[in-house]
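Note that the coordinates shown come from a computational prediction; the quantities given were computed from them, not determined experimentally. Throughout, a chain's letter reflects where its sequence line sits, starting with A, and its residues are numbered from 1.
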Amino acid sequence: MSPQTTVRLSIGDALAIVTGLSPELAARLHDLMRPFVATSDAMPDGATDATPDAAHEALSNAVNIQVNAVADDAEDEDEDEHENIHEPRGTRWIVRLRGEELCSHTQADELLKYLEWLAIAESLVATQRYAVFHSAALTCAAATVMLVGPSGAGKSTLTLHLIQRGWRPLGDDTALMDTESGRLYPFPRCFHVEPAWSAQASAHADFEWPAGLVGYARPLHWATGGHTISAIFLIERDATSGSTCAPIPQAQAAGALLVQAIRTQLAPAQIAQAAVRLAAGARCYQLTNGDLDGALDLIATHSSLK
Amino acid sequence: MGFAFYPQARPDVETHVLPDGSCLLFDPITCEGLALSIVGALVWDYCDGALAWDDIVSEIAGLTPQEPGVREEVQWFLKEFTQNGLLRQAAEIETVSPGSPELQG
Amino acid sequence: MSDENNITNSWNDANDENGMTDAGANAGAGRPENASRRKFLKAALIGTAATAAVGAATVVGLEHAGAVPHLGITKLARYPFVGNTTSPGGSTGTACTSGTDPQNYVDQSTFNNKESIFLWALFTKLPAGSYTMFVSPTIENKGGAICSPSPASNPFEYQGSTSSSSNVQVYNLSASAVTWTCHPSKKTDLGTVTRNGASMAAAFSTPVTVAAGHDLQLQVHMHNGCSGARVVSVTISLFQSPSATPFLQASTSITINA
């Protein structure tokens with residue numbers, strides 16, 4: 001039986017502890033979630049640039065995830081599916097959360113993707129200090145922006161290209177707001193990218209591909225510390241026309257953030273206050289994402305308070 | 001004898017006025033945010049039980065006499081607030097007419 | 001930050017006895033010192049009306065330059081707090097509504113009372129597993145919409161009776177078969193139905209098993225069963241058995257005319 005490991009992840013103000021992985025899988029999970037890796041139970045890895053300034057002195061909200069590897073008796077119909085497995089063939093991994101069985105996986109890549117999602121999802125639900133929004137956020141010398149919108153609106157594409165134009169990301173699909181300071185902090189989760197984009201890997205010097213997982217890319221350079229938002233863009237996709245940008249009432253932007261708020265330990269009223277606080281300090285716009293370059297130019301033009 | 005409706009906002013509904021004059025209400029019962037334009041924010045502010053419905057309409061419409069659409073808009077907001085359960089139950093007061101028994105002495 | 005009337009003034013860090021001050025991290029130029037909220041809103045209304053009248057590009061007294069709509073446009077917009085969970089890598093969820101012509105499903109988000117509605121949800125690039133779905137607010141059986149207290153809590157009911165198997169239809173689709181972002185253009189695009197039932201509970205009496213990278217399409221036939229105009233936000237939650245944390249969620253807003 002291979003030795004078992006423990007991977008500790010500091011996510012928001014919660015601690016996710018993943019036990020039971022083999023050293024090989026633990027190393028891959030470690031690589032996949034490197035910015036979140038904590039060095040001890042009591043004090044997570046505060047040395048990374050991407051973690052919030054405030055130290056996590058004692059994390060009362062811990063998420064315990066257990067993985068058990070058992071023999072899988074099912075016949076393998078496709079031998080190619082085992083290319084990425086570092087465990088003996090015929091292994092099934094059972095994932096438990098707080099002792100309750102959630103699911104099982106027979107593919108190591110699928111297991112890692114599931115653990116990444118589960119650790120983040122459960123940690124965000126457990127967070128007590130941050131308001132969390134489904135939004136992209138980036139910063140440059142003159143501005144910090146949020147890109148808010150439903151899936152498919154083009155937030156990730158805009159984010160990827162803004163990074164290539166020199167912006168530093170705070171997050172691709174998750175924006176973390178400290179409810180005490182009102183500032184956004186980095187949430188350095190891997191970006192989930194289309195295979196076609198990944199295929200042009202050599203053209204993307206700003207990214208790394210952790211854990212060998214297709215579709216997972218991580219920017220090499222992240223924003224550090226807390227940032228005050230200067231502009232919020234509500235993104236909607238319209239492939240039939242060019243890109244446009246129009247001002248909207250701040251209350252509308254706050255409402256859109258409320259819809260995109262992710263469940264945490266904060267009460268809904270507190271989350272509404274957080275959304276209002278973000279919108280109150282920002283220029284707010286509706287951005288119709290028609291052509292990519294047009295949208296990028298509009299974001300650059302309208303993002304600064306000056 | 002007649003009655004007047006004095007709109008009064010539910011005290012549990014949270015009101016967030018933003019720097020551009022728009023306003024986000026948050027209803028803790030439905031967990032829903034409602035974004036109001038400046039007119040809506042002002043109508044909501046006037047829903048403090050001090051003025052009757054018609055007086056609220058007249059006061060706000062009187063601010064922008066050059067904009068005839070404001071009167072209708074105020075009426076619209078008051079109806080929306082009522083239909084969506086954002087106001088307290090109507091605070092009714094009696095209006096006393098000159099010939100009423102109360103004034104006969 | 002709230003005063004005794006449960007009012008916050010978002011640009012302030014502290015409130016004076018009138019509930020408004022000019023201090024704070026978000027303070028900016030153009031805001032009246034120690035003005036009451038009503039004074040501020042009156043000035044904002046008069047200012048934007050003046051802007052509309054003369055077509056000026058900036059508005060005195062407001063934080064941000066530009067035409068902030070005050071009349072007509074976006075008078076009242078609703079934003080429900082759904083309590084989303086973060087999405088797994090690559091998987092997406094989208095919800096929408098359309099008309100019910102099987103030859104031509106046209107996007108539609110405003111309906112008349114009792115008008116037939118198709119509610120759609122598409123969850124893409126799912127990990128292998130077994131899934132169930134829930135719709136909020138609950139869709140009631142035909143004739144069973146819950147219309148009081150106002151606003152109605154469960155205004156939608158299934159179009160067909162409790163013996164109809166076409167109220168809810170679920171399709172397990174390969175990614176290559178899906179060329180749309182929320183719903184197909186016609187019924188024949190969907191192919192063979194995977195699951196169907198008179199209700200969500202019936203269709204998902206047991207979880208649907210999905211192969212890695214596949215999509216799940218939900219189609220619900222319903223209508224509004226309560227009188228009066230309303231705007232309802234509908235959320236479809238996808239659960240990967242047996243997790244109690246939603247794996248994906250998608251929402252759409254439906255407007256019902258009076």
Side-chain angles (χ1 to χ4, degrees), chain B residues 8-51 59-74 76-77 79-86, chain C residues 1-12 19-20 24 26-28 30-31 36-50 52-53 59 61-66 68-83 149-151 153 228-231 233 258:
Chain B
Q8 190 169 12
R10 266 172 47 206
D12 61 318
V13 173
E14 298 194 1
T15 306
H16 302 278
V17 177
L18 286 117
D20 67 356
S22 62
C23 174
L24 186 82
L25 303 182
F26 183 75
D27 186 338
I29 294 177
T30 60
C31 280
E32 190 175 55
L34 295 100
L36 308 177
S37 62
I38 297 174
V39 171
L42 195 49
V43 174
W44 181 252
D45 185 78
Y46 267 94
C47 290
D48 56 4
L51 284 180
E59 275 233 8
I60 297 177
L63 295 172
T64 53
Q66 75 280 17
E67 294 262 11
V70 175
R71 178 172 292 270
E72 201 178 309
E73 188 130 324
V74 175
W76 185 89
F77 273 108
K79 284 178 192 164
E80 282 293 307
F81 293 157
T82 307
Q83 282 178 356
N84 287 285
L86 293 168
Chain C
M1 288 186 57
S2 296
D3 65 9
E4 59 193 12
N5 295 320
N6 208 20
I7 293 164
T8 65
N9 301 297
S10 308
W11 60 93
N12 300 318
M20 298 182 62
N26 292 324
R31 198 166 37 254
S36 70
R37 182 177 73 163
R38 189 169 297 180
K39 262 194 204 173
F40 170 74
L41 290 171
K42 281 181 176 178
L45 176 60
I46 294 167
T48 53
V59 179
L62 294 186
E63 177 69 12
H64 301 292
V68 177
H70 75 296
L71 289 177
I73 304 168
T74 320
K75 290 186 288 199
L76 188 156
R78 294 168 172 277
Y79 299 98
F81 169 68
V82 175
S150 177
S153 58
R230 69 192 71 255
V231 178
S233 181

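- Of all heavy-atom pairs between C/L41 and B/A41, the closest is CD1-O, 3.7 Å.
- The two atoms that bring C/A44 and B/G21 nearest to each other are CB-CA, 4.5 Å, heavy atoms only.
- Atom CG of B/L63 is separated from atom CD1 of C/I46 by 5.0 Å, given to the nearest 0.5 angstrom.
- With rounding to the nearest 0.5 angstrom, the OG1 atom of B/T64 is 12.0 Å from the NZ atom of C/K42.
- C/R38 contributes a side-chain N or O that, together with a main-chain N or O of B/D45, makes up a donor-acceptor pair within less than 3.5 Å.
- Between chain C and the residues B/D27, B/L24, B/L42, B/L25, the largest count of heavy-atom pairs under 4.5 Å involves B/L42.
- Qualifying side chain to side chain contact (heavy atoms under 4.5 Å, CB included) partners for B/A9, counting only residues two or more places apart in sequence or in other chains: B/W44, B/C47.
- If you measure heavy-atom distances from B/D48 to chain C, the contacts under 4.5 Å come from the side chain alone.
- Every side chain to side chain contact (heavy atoms under 4.5 Å, CB included) that B/V74 has, sequence neighbours left out, goes to B/V39, B/V43, B/I56, B/V57, B/I60, B/V70, B/L78.
- Of all the heavy atoms in B/V17 and C/F40, the pair that sits closest is CG1-CE2, 4.2 Å.
- Put simply, CZ on C/F81 and CD on B/E32 are 13.0 Å apart, with the number rounded to the nearest 0.5 Å.
- How far OG1 of B/T30 is from CZ of C/R78: 7.5 Å, rounded to the nearest 0.5 Å.
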